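Before any comments, here is the structure.
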Amino acid sequence: MSRYNFKEAEAKWQAKWAEDGCFEVAEDTSKPKYYVLEMFPYPSGRIHMGHVRNYTLGDVVARYKSARGFNVLHPMGWDAFGLPAENAAIERGVHPADWTKENIAVMGAQLRSLGLSYDWDREIATCDPDYYRHEQKMFLDFLAADLAYRKEAWVNWDPVENTVLANEQVIDGLGWRSGAVIEKRLLSQWFLRITAFADELLYGLEALERWPERVRLMQENWINRSEGAYVHFGLKGRDDGLEVFTTRPDTLFGASFCAVAANHPLAQELARDDSRLAAFNTECSRLGTSEEAIETAEKQGFDTGLRAIHPFVEGVELPVYVANFVLMEYGTGAIFGCPGHDQRDLEFAHKYDLRVVPVVAPVDADPLTFEIGEDAYHGDGTHINSAFLDGLDIVEAKAAAIERLVKLKAGRSAITFRLRDWGVSRQRYWGCPIPVIKCATCGIVPVPESELPILLPDDVSLEQPGNPLDHHPTWKHADCPQCGQPAQRETDTLDTFFESSWYFARFCSPHAGTAFSREAVDYWLPVDQYIGGIEHAILHLLYARFFTRALKSCGYLSVKEPFAGLFTQGMVCHETFKDEDGGWLYPEQVTAQTDGSFTHTETGARALVGRSESMSKSKRNIVDPVAIIEAYGADTARLFMLSDSPPERDLEWTTAGIEGAWRYTNRLWRLITDPVGPMATIGSTRPAEMGDAALQACRSIHRSIAVVTDDLEKFRFNRAVARVRELTNLLGELDGIGDDFAWVRRFGAETAAKLIGPMMPHLAEEIWHQLGHETLLVEASWPETEAEFLVEDSVTVAVQVNGKLRATLELSRDAGGTSLENQVLALPGVVRAMDGRAARKVIVVPNKVVNVVV
RNA sequence: GCGGGCGUGGCGAAACUGGUAAACGCAAGGGGCUUAAAACCCCUUGCCCGUAAGGGCUUGCGGGUUCGAGUCCCGCCGCCCGCACCA
């Protein structure tokens, strides 16, 4: 029995495709273009199963579209700047550049072994000066267009290391290396004005029809446009006041307190003379900068003693608190609290014994007795306890309240966004230097374009804490381009999201002397199909959408949206194992016992099976793709990635699953190549006469083409695999003899090769070759269906009595009428279920269901 | 906390717009081939009652709409993802 030699075949066809330049593309206006892009990887060291899944999905699309006659651009590169390279430098003493380059070499070879149809000639690495020099120019253009600016922002500050930490480096409020309590600190930093495009980014979502609905929703909620009002509260005994933003100006009569963020200027000012408030503010600053930490912390407030004067009601004064749940970044960093109609305010009011006055009552409630219990009332209703707003509904009351605020010069209507400007400054080495110079006399001065790129220095010390560029002995010293006096370079580098915000454009002309050739981006953009993890649903995708608009407004390109189609894939999971002490074990450290339990392979001790979780180094539940490709080949790994779960859902990696895929690989191989002698010589013209069985098989093959094509179009790859397996089963059962059978068998084999081609390209190519073709399968076109073979003359119809299945009936297509009803009513199963009762109604859904209602 | 999603046999799943629930595969059981094992091939397999014919039940839980609900609506429960300096 022959076995498919994947090692030989995969090496052979990969070499052949490369030699023939099968995946190299150029602009060609005679064909429709199709740009397939998978999110490029961070070169962490080795590829993981998530990459295999992501890139297999992209490769299926690329190869399928190519077979359909599109001019397909399918590039790959490296998102090469980032924190892990600096960590590796600290831990292992290697230079971030060397570490990154080495990783790219290793991972590049691993990706190549998967047989992905990339145009490798377009490979880019974002840490290459030839890449980042262009984004330095973009930064200068943004600066000139007022899309980049400086402002103070809060960072996580490690007081022991004197270093800014990423959120990831703050664990339970402590620095990951120093263990010091982390504080928030204000730092002057660079921002990109993404909020200038807030409306556009929001309304632009509507046009992104080929994006998942949930991603659009998440972005919409992230941008969160809210209509409301600014309200000015006077402060008793002070000349200034408190500016508050609210979406519910109609609930002003229910206000019982005001609150400001701990980092609000007012809180900072008062803390200078109040050590207890200063301590409270410091406590708040220890929550870190993430919204999650702030919102999940226990709600706490500090009464400043200040009293805010109610704009509508003379004599009413509201206590002003500093509260740990108010965010400085949203609205004005100050709120008024209406406990009756906001759950968080209600809990705060209960804690600090503040009054709870309902001002909106449900329409069916008695306004005189309506009270707020444990739950704030968020619903519609009629205003009560609200003087001139009484009796109005919420919409009317909002308008009336704003009108009154304007009249009193105590406020105005306003639209705010939750979206904040994008902070791009990082106080780190391994990123793109920001090309500006800080001069004592001239201020911020852009580096002249002729001096770009500003290169990262090679000789840095990463061992000492702090920003390496800042304590480099010479790098930051430069003369001011304006006045010529000694000055200093900006030592911040750019957020790595900067690189990933335009790489799709660079791929269009990766060797261009400019960021990209206008002609190339005009031809290729937007990306037709973008594929990657759901974890990028907001930040990366939103930044890239903004960046594209920013580039457009600076005259770089013509499209507004970078990604016309988006697909978000699920994660690759694996069961987890722990030893008896709770330590994580690698899958290869455990042995399955016959009774279903597991033991530690070396010690023989009991091992505990945990639930399946997404593969991660920390849980040790990883399976190395390289080992899998080595053992089963790339095609088998690709097949398994596609077959079991729908691509948007999480996939569980199992040994049984990969072995099942491997069995299929060999089954298909044998089925087609064992009788290949006779098959290779059979003509490709359909015999004029075909017997019923051969005709049925021919129909089934055509249906396979139709179903698989539809499934591939709709990203239902698991179903496509199932249908190809059915086709394989059919081929295995074709045991007739004669010309018609011989032809059908070959037709089925060729079709199977073509349909499985995008998924298992090496095996398909090998089969194609064995069938006697001189040309490559990758150059062959997608199979076409013929309408005459897609119509069935008879259908099986379900027969129900009161919606319950009682029988099935073979009918000719589109049968109906009273004869059908009589036929149905005479069926033994129907008679039994009707139990002598008369039919009240018979519902006929043509070719599907007949339902008798009694 | 806020925002988003998911939930169907022992397991991964399928079921297109409300119309035969469980296609395809994994695991398991039985049989064949073999000195034997592996590989391979064939059969069985949602659960319960029944020798069978047949009947009942079943898509996380509880309601509702409908001739008919996995699919639509309302309310719960569980799990997962994101939250702006991880990428």
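Just so we're clear, the structure is a prediction, and the values are computed from it rather than from any experiment.
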With 3.5 Å as the limit, what N/O pairs link the protein to nucleotides 71-75 of chain B?
none

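- Set against B/C85, B/G19, B/G1, the side chain of A/Asn167 has B/C85 as its closest nucleotide.
- Cation-pi geometry between A/Lys299 and A/Phe348 is not met: the NZ or CZ atom fails to fall both under 6.0 Å from the ring centre and inside 45° of the normal.
- Taking side-chain N and O atoms only, A/Arg214 has no distance below 4.0 Å to OP1 or OP2 of B/G5.
- In this model, no side-chain donor or acceptor of A/Glu291 finds a partner on the base of B/C83 within 3.5 Å.
- Within the 3.5 Å criterion, the main-chain N or O of A/Ile843 finds no donor-acceptor partner in the side chain of A/Asn851.
- For B/C80 and B/G75, the C1' atoms lie 22 Å apart once the distance is rounded to whole Å.
- Nucleotide B/A28: paired with B/U44 (Watson-Crick or G-U wobble, both distances less than 3.5 Å).
- For the ring-ring contact (aromatic ring centres under 6.0 Å, His included) with A/Phe81, the lone residue among A/Tyr503, A/Tyr132, A/Tyr42, A/Tyr429 that qualifies is A/Tyr132.
- Distance noted for atom P between B/U17 and B/U71: 14 Å (whole Å).
- Residue A/Asn224 places no side-chain N or O under 4.0 Å from the OP1 or OP2 atom of B/C2.
- Along RNA chain B, the nucleotide nearest A/Gln427 and the nucleotide nearest A/Ala656 are compared for position; the residue whose nucleotide lies closer to the 5' end is A/Ala656.
- Side-chain nitrogen and oxygen atoms of A/Arg716 include none within less than 4.0 Å of the OP1 or OP2 phosphate oxygen of B/A14.
- Rounded to the nearest Å, the gap between the C1' atom of B/C47 and that of B/G9 is 8 Å.
- Comparing B/A23 with B/G10, their P atoms are spaced 14 Å from each other, to the whole Å.
- Side-chain nitrogen and oxygen atoms of A/Lys804 include at least one within less than 4.0 Å of the OP1 or OP2 phosphate oxygen of B/C57.
- With distances taken from any side-chain atom of A/Gln189 to the nucleotides B/C85, B/C24, B/U20, the minimum falls on B/C85.
- For B/G9, the base is syn relative to its sugar; the glycosidic angle is within 90° of 0.
- When ring centroids are compared, A/Tyr632 and A/Phe640 stay outside the 6.0 Å threshold.
- For the pair A/Asn718 CG and B/A23 P, the interatomic distance rounds to 15 Å; values are reported in whole Å.
- The base of B/C67 is paired with the side chain of A/Asn851 by a donor and an acceptor separated by under 3.5 Å.
- With B/A13, B/C2, B/C67 as the candidates, the nucleotide lying closest to the side chain of A/Pro646 is B/A13.
- An OP1 or OP2 oxygen of B/G25 is reached within less than 4.0 angstrom by no side-chain nitrogen or oxygen of A/Arg663.
- Here B/A87 presents its C1' atom at 15 Å from CZ of A/Phe81, a figure rounded to the nearest Å.
- Between the side chain of A/Glu652 and the base of B/C11, no donor-acceptor pair of N or O atoms lies under 3.5 Å.
- Between A/Phe6 and A/Trp662, the gap from one ring centroid to the other is short of 6.0 Å.
- Comparing the C1' positions of B/U8 and B/G78 gives a spacing of 16 Å, expressed to the nearest Å.
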Output, in order, the C-alpha distance, side-chain angles, deciding distance and verdict of side chain to side chain donor-acceptor pair (under 3.5 Å) for A/Arg723 and A/Ser704.
CA-CA 6 Å; A/Arg723 185 68 206 192; A/Ser704 293; 3.1 Å; yes

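- Taking a pair to require two hydrogen-bonding distances under 3.5 Å in either a Watson-Crick or a G-U wobble arrangement, B/C16 remains unpaired.
- In this structure, B/A53 makes no Watson-Crick or G-U wobble pair, since no nucleotide meets both defining distances under 3.5 angstrom.
- Checking side-chain atoms of A/Asn621 against main-chain N and O of A/Ser616 turns up a donor-acceptor pair under 3.5 Å.
- Residue order along RNA chain B, read from the 5' end via each residue's closest nucleotide, puts A/Leu217 first among A/Leu217 and A/Glu168.
- Taking the C1' atoms as reference points, B/A15 lies 25 Å from B/A28, given to the whole Å.
- When the nucleotides B/U20, B/A87, B/C83 are ranked by their closest atom to the side chain of A/Glu292, B/C83 comes out on top.
- Between A/Arg216 and the phosphate of B/G4, there is no side-chain N or O to OP1/OP2 separation shorter than 4.0 Å.
- Distance, A/Asp644 CG to B/A27 C1': 12 Å, rounded to whole Å.
- Per the geometry, CZ belonging to A/Phe640 stands 10 Å off C1' belonging to B/G25, to the nearest Å.
- Here the side chain of A/Leu805 is nearest to one of B/U20, B/A27, B/C24, namely B/U20.
- Distance check on atom P: B/A52 versus B/C42 gives 27 Å, rounded to whole Å.
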Working note: A/Thr636 + A/Tyr4, criterion side chain to side chain donor-acceptor pair (under 3.5 Å); need CA distance, chi angles, decisive distance, verdict.
CA-CA 11 Å; A/Thr636 298; A/Tyr4 173 52; over 6 Å; no

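- Summarising the geometry, the separation between CD on A/Glu733 and P on B/C41 is reported as 12 Å, rounded to the nearest angstrom.
- Looking only at atom types and distance, the side chain of A/Trp211 has no donor-acceptor partner in the side chain of A/Gln219 under 3.5 Å away.
- Proximity note for A/Leu419 (side chain, C-beta onward) versus B/A84, B/A23, B/G19: the nearest is B/A84.
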Could you go through A/Arg703 and A/Leu790, starting from their C-alpha distance and side-chain angles, then the distance that decides it, and tell me whether this counts as side-chain contact (heavy atoms from CB on, under 4.5 Å)?
CA-CA 6 Å; A/Arg703 236 182 358 260; A/Leu790 289 177; 4.3 Å; yes

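- Of the candidates B/A87, B/A14, B/C85, the closest approach to any side-chain atom of A/Arg649 belongs to B/A14.
- Side-chain N/O atoms of A/Arg725 include none lying less than 4.0 angstrom from OP1 or OP2 on B/A14.
- The CH2-C1' distance, from A/Trp211 to B/G4, rounds to 15 Å in whole Å.
- Residue A/Asn221 places none of its side-chain N or O atoms closer than 4.0 Å to OP1 or OP2 of B/C2.
- Going from the C1' atom of B/G46 to that of B/A27 covers 15 Å, rounded to whole Å.
- In the set B/C2, B/C85, B/A84, the nucleotide with an atom closest to the side chain of A/Arg426 is B/C85.
- One can place CD of A/Gln569 at 20 Å from P of B/C80, the figure rounded to the nearest angstrom.
- Phosphate contact (OP1/OP2 of B/G12, side-chain N/O of A/Ser645, threshold under 4.0 Å): absent.
- What separates CD1 of A/Ile538 from P of B/C83 is a distance of 8 Å, to the nearest Å.
- Of the candidates B/C81, B/G19, B/A87, B/C81 carries the atom nearest the A/Ile534 side chain, counting heavy atoms from C-beta on.
- Between the side chains of A/Asp158 and A/Ser178, at least one donor-acceptor pair of N or O atoms lies under 3.5 Å.
- Judged by Watson-Crick or G-U wobble contacts below 3.5 Å, the nucleotide B/C2 has B/G82 as its partner.
- At distances below 3.5 Å, at least one donor-acceptor pair connects side-chain atoms of A/Gln343 with backbone N or O atoms of A/Ala376.
- Comparing B/G56, B/G25, B/A87 by their nearest atom to the side chain of A/Asn729 picks out B/G25.
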